[in-house]
J.: 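Can you read through this structure? Questions will come right after.
Worth saying up front: this structure is predicted, and the values here are computed from it rather than measured. Start at 1 and go down the list; that is how both ligands and their atoms are numbered.
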Amino acid sequence: MKKSHSQWSSRMGFMLAAAGSAVGLGNIWKFPYMAGEMGGSAFVLTYLLFMFVIGLPILVLEWLIGRRGQKNPIHTMEDVAVSEGRSKLWRWVGIIGVLGSFLILSFYSVIGGWATDYIFLAINGTFNGVNGEATGQIFSSFLGNTNSLLIWHTVFMAANTIIVAMGVGAGLERACKVMMPGLGVLLLILVAYAAIVSGSSFGKAFDFLFTPNWSALNGTAILAALGHAFFSLSLGMGIMMAYGSYLGKDVNLLSTARTVVILDVIVAMLSGMAIFPLVFANGLEAGSGPGLIFVTLPIAFGNMAAGSILGCLFFIFLTFAALTSSISLLEPTVELLEEKTPMGRKTATVVSSVLIWALGIACILSFNEWADVKLFDKGIFDLLDYLTSKIMLPVTGLGTVIFGAWMMNQKVIRKELNLSNFWFGVWTVLTRVVIPVAVVLILICGFLPETR
Ligand code: PFF
């Protein structure tokens, strides 16, 4: 049975959907705390470099392969490999990718649920006048409360299901067309607020993020920056390949990728400029780790003028960003089921969501009732994060780049990307040598014991 394949309605719609996937918890939650832990600017500048030199070419390749295959990532990889005279086993790049997005969504949705709940905590004035001990307690009692975690995870997954079930154009694309501009406005309000209320700490935050301080740069920071460039652009998880499969022939991949990378970077930088001035103005710790947004930042909101309103706006911003990414995490699995089973789009979405939701419950329980359940010394939540970001994502990224640079006809790629001799030379060196070596390094280091 052949079902018709959907398409994005316009280049703009596609770009917003891709940017929506890229801009997410990675930019607002993960990037600032990683920058804080790794000493600021050295990490930031390295990350910027990797986004353009490594992230951008892989993004282009994922779209290019997806557009060529016009199917879910697994069968796209298989078909394109066969048409290039290569082994069908290349489908494994697609298999690990789809599996990766499935697993990531199970815990991404749990964090999306936290963000949603924090909107209400902020607006109810829960943080008014709090100190660090109090916000720490709010967060740990929140993590200990299975029911509320479960409710918010369910709400968040339900929102994903509704959007994705509506389809590529009417669901994914339309949701991003509404949420992305909203996100931009909220971010500007938050940065302006930080500039107004934090006084000289605004300049301090700027220096922290951008004035080069190379002494802080070490192997851990470089690898973290590389890994984060992948995560931040949603690479290596079948997502961009799936998005590419809905893409028309007329879209210029390079210029669209450049715009998406720039938008993604701008949001990460501005998020830093919304968060760190408040952190510094309140004498708080920049290097406080994953709790930066859920434990440290609420102290700032609780002690500043109009903090509960701005806190609420901040968590709405975070929820929107998480949602435009989580719908993209759902898409590869849905596309696979829709194409390879008799299920229609709606059933495929509900089935995928329920499976992911169920796995999310295991993540939730790993915070409390199952806290002692450990595999390789990690709880379920940490294990999934480790397995996906440190292993599956680089493996798929490596597979994609090796396939694109060594297995595909380069003349055709050159024509499709419309590159001059010089730029095609740069492209070839990057995709054939620099990127594979860099990714192998991330992979090897992912197996080494954590250094912090
Ligand atoms: N790129 C998004 C972010 O930075 O939060 C999230 C994300 C989406 C990560 C998809 C990974 C992924 F596969």
J.: Less than 4.5 Å apart, any side-chain heavy atom of N252 and any of L254?
T.: yes

J.: Which of the numbered atoms in ligand 1 are below 4.0 angstrom from a heavy atom of L329?
T.: 10 (C), 12 (C), 13 (F)

J.: Could an N or O of ligand 1 be found under 3.5 Å from any N or O of S232, whether backbone or side chain?
T.: yes

J.: Side chain, backbone, both or neither: which part of I239 comes within less than 4.0 Å of ligand 1 when only heavy atoms are counted?
T.: side chain

J.: Enumerate the atoms of ligand 1 whose separation from the nearest heavy atom of G24 is less than 4.0 angstrom.
T.: 3 (C), 4 (O), 5 (O)

J.: I want to know whether W29 and Y108 have ring centres closer than 6.0 Å.
T.: no

J.: Could an N or O of ligand 1 be found under 3.5 Å from any N or O of G26, whether backbone or side chain?
T.: yes

J.: Is F231 close to ligand 1, meaning an N/O of one under 3.5 Å from an N/O of the other?
T.: yes

J.: Spell out, as yes or no, whether a donor-acceptor pair under 3.5 Å connects the side chain of E416 to the backbone of L64.
T.: no

J.: So if I count the atoms of ligand 1 from 1 in the order they appear, which ones are less than 4.0 Å from some heavy atom of Y108?
T.: 2 (C), 3 (C), 5 (O), 6 (C)

J.: Counting heavy atoms only, which part of S234 comes closer than 4.0 Å to ligand 1: side chain, backbone, both or neither?
T.: both

J.: What protein heavy atom lies closest to atom 4 (O) of ligand 1? Include the residue and the distance to one decimal.
T.: A22 O, 3.1 Å

J.: Which pairs count as salt bridge (charged side-chain N to carboxylate O under 4.0 Å, His left out) when at least one residue sits in residues 311-332, sequence neighbours excluded?
T.: E331-R345

J.: Going by the atom numbers of ligand 1, which of them fall below 4.0 Å from some non-hydrogen atom of M237?
T.: 11 (C), 12 (C), 13 (F)

J.: Check this for me - ligand 1, S21, N or O atoms closer than 3.5 angstrom, yes or no?
T.: yes

J.: Determine, stepwise, if the pair S109 / W357 fulfils side chain to side chain donor-acceptor pair (under 3.5 Å).
T.: CA-CA 8 Å; S109 163; W357 173 80; over 6 Å; no

J.: State yes or no: are the ring centers of Y118 and F142 separated by less than 6.0 Å?
T.: yes

J.: Are any of the N/O atoms on L233, whether in the backbone or the side chain, positioned under 3.5 angstrom from an N/O atom of ligand 1?
T.: no

J.: Just by distance, do the side chain of T76 and the backbone of K71 share a donor-acceptor pair under 3.5 Å?
T.: yes

J.: Tell me, which pairs form a side-chain hydrogen bond (donor to acceptor under 3.5 Å, both in side chains) where one or both residues lie in residues 89-104, sequence neighbours left out?
T.: E78-R91

